[in-house]
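Comments concern the structure below.
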2 protein chains.
Amino acid sequence: MLHWSIPDDTRKSWDRKIPYYIRFRDHFAAMIKAGTLLPNAKLPSERALAEDFSITRVTVRQALIRMEAEGLIFREKRRGWFVSPPRILYDPTTNASFTKSVTEQGRVAGTLVLSKQRVMASAWVSENLGCAPGAEIFIINRLRTIDGRAVLVEQIHIKAERCPGLLENPLDQSMTDLLSEKYGIVERRAQINMRPTVLLEDPAHALGVTAGTPSLYLSRSIVDQYNEVIELDLEFWRHDAIDICVAATGKTAD
Amino acid sequence: MLHWSIPDDTRKSWDRKIPYYIRFRDHFAAMIKAGTLLPNAKLPSERALAEDFSITRVTVRQALIRMEAEGLIFREKRRGWFVSPPRILYDPTTNASFTKSVTEQGRVAGTLVLSKQRVMASAWVSENLGCAPGAEIFIINRLRTIDGRAVLVEQIHIKAERCPGLLENPLDQSMTDLLSEKYGIVERRAQINMRPTVLLEDPAHALGVTAGTPSLYLSRSIVDQYNEVIELDLEFWRHDAIDICVAATGKTAD
DNA sequence: CAGCATTTGTGGTATAGTCCAAATATCGTT
DNA sequence: AACGATATTTGGACTATACCACAAATGCTG
């Protein structure tokens, strides 16, 4: 059994007005870094932590939320707090699939189709997909996992007219491959936008986390060989799961 | 059907189980969206807000911190809460300078050199800069502002032997231009990594914000025409200031 | 009227609880 | 051993305060 609290004697030496919740953070950050706490390990309950450190549960939560924002730990809704696994490197500019990328880094990727449907494009979608408002599109919601942990939800929008019968295909594979093999659509280029934000109600629920936890929002609009936008992909990433890397090659004329 | 867009007034008013801090958030989110609250407007004090909404200051802070994570508002250390200005689009893969990029979007960019020194490379830096541990390097700390608001701190590491007398030049301009004009160093390519995290003590102080506020960490290692890493750039961005965009052109062989 | 000291207001930290709903563990029955 | 009802634990939300440190406003003084 591990001892979580700091011995009282040591407290004197660094008793320099460091807030409790920072000490708490430092304590666990050190344990995580040292490997005393392994990835996916569950922390004790908030009440137990509060007692061990002789602080209030409110203060414990303040520290935990801070550590979550740092990417040290994560939570599963109403289940508790866990140590974050290492981030995966992900290059959104290559066409390399999520699955391939994750596998190459020695992790296990999973894909779960949450829903698929044929609907009429909303105003926002039609604008960004470059089609008439009300045009028919496919919307596919998928959940992606790494080593069993849900790390991203994505909502894929595809013009229906370009891909008849798309939803009859297995949808837990790479969309790039599917569009290429079945419909001869080649991804020529893509415009990617990213910004840190928090998880909204629905994506949070899909990820099994509390709404309001930090996340990385990534949108990708994909252009085919005819210079037409054919796919719009909206992704919410668990912010502690990803390390985005892109290569900038030479000077692009602008 | 999953809803990905931000809930506004469409939230079900008949659902009485919406937490106070979410209602508070929705109220101000609507005001900000409607333009009733303009960018950089200061919110009332936490105590005043608590009284106005008949909730505790603790709950008010919970809501404010949530809104900060969303990027709706930001705070200046011990000064209060303010409405976030629009994000600027920033493409880290182009060599376009910060100043140029900001100016093109009709905003005013500023650069402040915080410190400049010639030191010996630490183990970590030498590893990432590709030089011997203890080799001499320049470290330049700069603060970047948009419309007067500090949005990013950067720490630039440059091999000293390649750029004699670098620190004697004006350092509030584009490093790319300076290296090119004075030392004939051309940025051939760069490797960029990004991840959401929080501001640590020092960068937070430089930005004038509370340590622990969300941020985007961006590192850039720049390779010259001789395929040698000559610059290592570490950046902490205010997470609500930036909308990162990159273009993925065609398929890269891998 | 400039410059310095003091007060006041504000955000940051922290306590000590309560209530609730969901998740987990327990236990008895088939 | 499997299952379902029940009790317990846990995280999420919230109240009501308190104290401190710092920033801005205020007042005092030379």
Side-chain angles (χ1 to χ4, degrees), chain A residues 4-6 11 14-27 41-69 73-83 150 198-201 204-205 207-214, chain B residues 15-27 41-69 73-83 198-201 204-205 207-214:
Chain A
W4 303 91
S5 55
I6 306 167
R11 183 149 302 179
W14 45 318
D15 194 4
R16 294 197 321 174
K17 293 188 176 175
I18 297 174
Y20 290 158
Y21 80 99
I22 295 293
R23 293 194 200 183
F24 184 101
R25 184 223 89 101
D26 291 347
H27 180 82
K42 188 180 188 301
L43 301 190
S45 76
E46 295 176 2
R47 285 169 176 86
L49 289 169
E51 190 167 359
D52 287 351
F53 284 79
S54 303
I55 54 179
T56 315
R57 215 184 119 209
V58 177
T59 307
V60 168
R61 278 179 71 81
Q62 185 181 6
L64 292 172
I65 289 169
R66 159 70 178 266
M67 290 162 72
E68 177 189 48
I73 60 175
F74 67 97
R75 55 178 144 176
E76 285 183 14
K77 195 163 65 175
R78 295 199 153 271
R79 288 173 175 273
W81 300 85
F82 306 84
V83 176
V198 302
L199 282 168
L200 307 174
E201 226 21 91
H205 188 259
L207 280 172
V209 307
T210 311
T213 56
Chain B
D15 188 353
R16 277 172 289 102
K17 292 309 278 181
I18 297 174
Y20 290 157
Y21 79 99
I22 295 293
R23 293 194 201 188
F24 184 101
R25 184 225 90 102
D26 290 349
H27 179 83
K42 188 178 187 302
L43 300 191
S45 76
E46 295 176 1
R47 285 169 176 86
L49 288 169
E51 192 167 357
D52 288 351
F53 285 78
S54 302
I55 53 179
T56 316
R57 215 184 119 209
V58 177
T59 307
V60 168
R61 278 179 69 80
Q62 186 181 6
L64 292 172
I65 289 168
R66 159 69 178 266
M67 290 162 72
E68 178 190 50
I73 60 175
F74 68 97
R75 55 178 143 175
E76 283 182 15
K77 196 163 63 176
R78 291 193 163 276
R79 287 170 44 83
W81 300 85
F82 306 84
V83 177
V198 302
L199 282 168
L200 307 174
E201 215 38 77
H205 188 261
L207 281 172
V209 305
T210 310
T213 56

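All values below were derived from every heavy atom in this structure, side-chain atoms included, with hydrogens, water molecules and symmetry-related copies excluded. Per chain, numbering begins at 1; letters A, B, ... match sequence-line order.
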Item to check | By side chain to side chain donor-acceptor pair (under 3.5 Å) - contacts of A/R78 (at least two apart) | outcome: none

Item to check | Distance in Å, A/L49 CG paired with A/L43 CG, rounded so as to fall on 0.5 Å steps | outcome: 6.5 Å

Item to check | Nucleotide C/dA14, atom P - distance to CD of A/E51 in whole Å | outcome: 19 Å

Item to check | Closest-nucleotide ordering on DNA chain C, the 5'-leading residue of B/G80 and A/T56 | outcome: B/G80

Item to check | For atom CZ of A/R25 and atom C1' of C/dT13, their distance in whole Å | outcome: 17 Å

Checklist outcome for this item: Sorted by chain and residue number, the ring-ring contact (aromatic ring centres under 6.0 Å, His included) partners of B/F24 (sequence neighbours excluded) come out as B/F28, B/F53

Item to check | Check against side-chain contact (heavy atoms from CB on, under 4.5 Å), A/I65 and A/W81 | outcome: CA-CA 10 Å; A/I65 289 169; A/W81 300 85; 4.2 Å; yes

Checklist entry - For DNA chain D, whose closest nucleotide is more 5', that of B/Q62 or that of B/V58? => result B/Q62

Item to check | Gap between atoms CD1 and P, on B/I18 and C/dC20 respectively (whole Å) | outcome: 19 Å

Checklist entry - Between C/dT15 and A/T59, is there an OP1 or OP2 to side-chain N/O distance shorter than 4.0 Å? => result yes

Item to check | Nucleotide interval of DNA chain D bounded by contacts with chain A (heavy-atom cut-off, under 4.0 Å) | outcome: D/dT10 to D/dA21

Item to check | B/L43 CG - C/dT10 C1' separation (whole Å) | outcome: 14 Å

Next on the checklist: Could you work out, with side-chain contact (heavy atoms from CB on, under 4.5 Å) as the rule, every residue matching A/T213, not counting sequence neighbours?
Outcome noted: A/E68, A/R75, A/L199, A/V209, A/T210

Item to check | For atom CD of B/E76 and atom C1' of C/dG12, their distance in whole Å | outcome: 16 Å

Checklist entry - Separation of A/L49 atom CG from C/dT15 atom P, in whole Å? => result 14 Å

Next on the checklist: So, using side chain to side chain donor-acceptor pair (under 3.5 Å) as the criterion, who are the partners of B/E76 when residues are at least two apart?
Outcome noted: B/R79

Checklist entry - Considering residues at least two apart in sequence or located in another chain, which fulfil the side-chain contact (heavy atoms from CB on, under 4.5 Å) criterion with A/I22? => result A/I18, A/P19, A/D26, A/R66

Checklist entry - Can you name the salt bridge (Lys or Arg N to Asp or Glu O under 4.0 Å) partners of A/R47, sequence neighbours left out? => result none

Restricting to nitrogen or oxygen on both sides, can you table the protein-nucleotides 22-26 of chain C pairs closer than 3.5 Å?
unit_1: C/dT24; atom_1: OP1; unit_2: A/R79; atom_2: NH1; d: 2.4

Item to check | Rounded interatomic separation in angstrom, taking CZ from B/R47 and P from C/dT13 | outcome: 14 Å

Checklist outcome for this item: A/R57 atom CZ is separated from C/dT13 atom C1', nearest whole Å, by 18 Å

Checklist entry - Using the C1' atoms of five pairs at each end, what's the angle between the two axes of the helix from C/dC1-D/dG30 to C/dT30-D/dA1, to 10 degrees? => result 10°

Next on the checklist: Can you pull out every side-chain hydrogen bond (donor to acceptor under 3.5 Å, both in side chains) where at least one residue sits in residues 49-62 of chain B? Sequence neighbours excluded, please.
Outcome noted: B/E46-B/R57, B/E46-B/R61

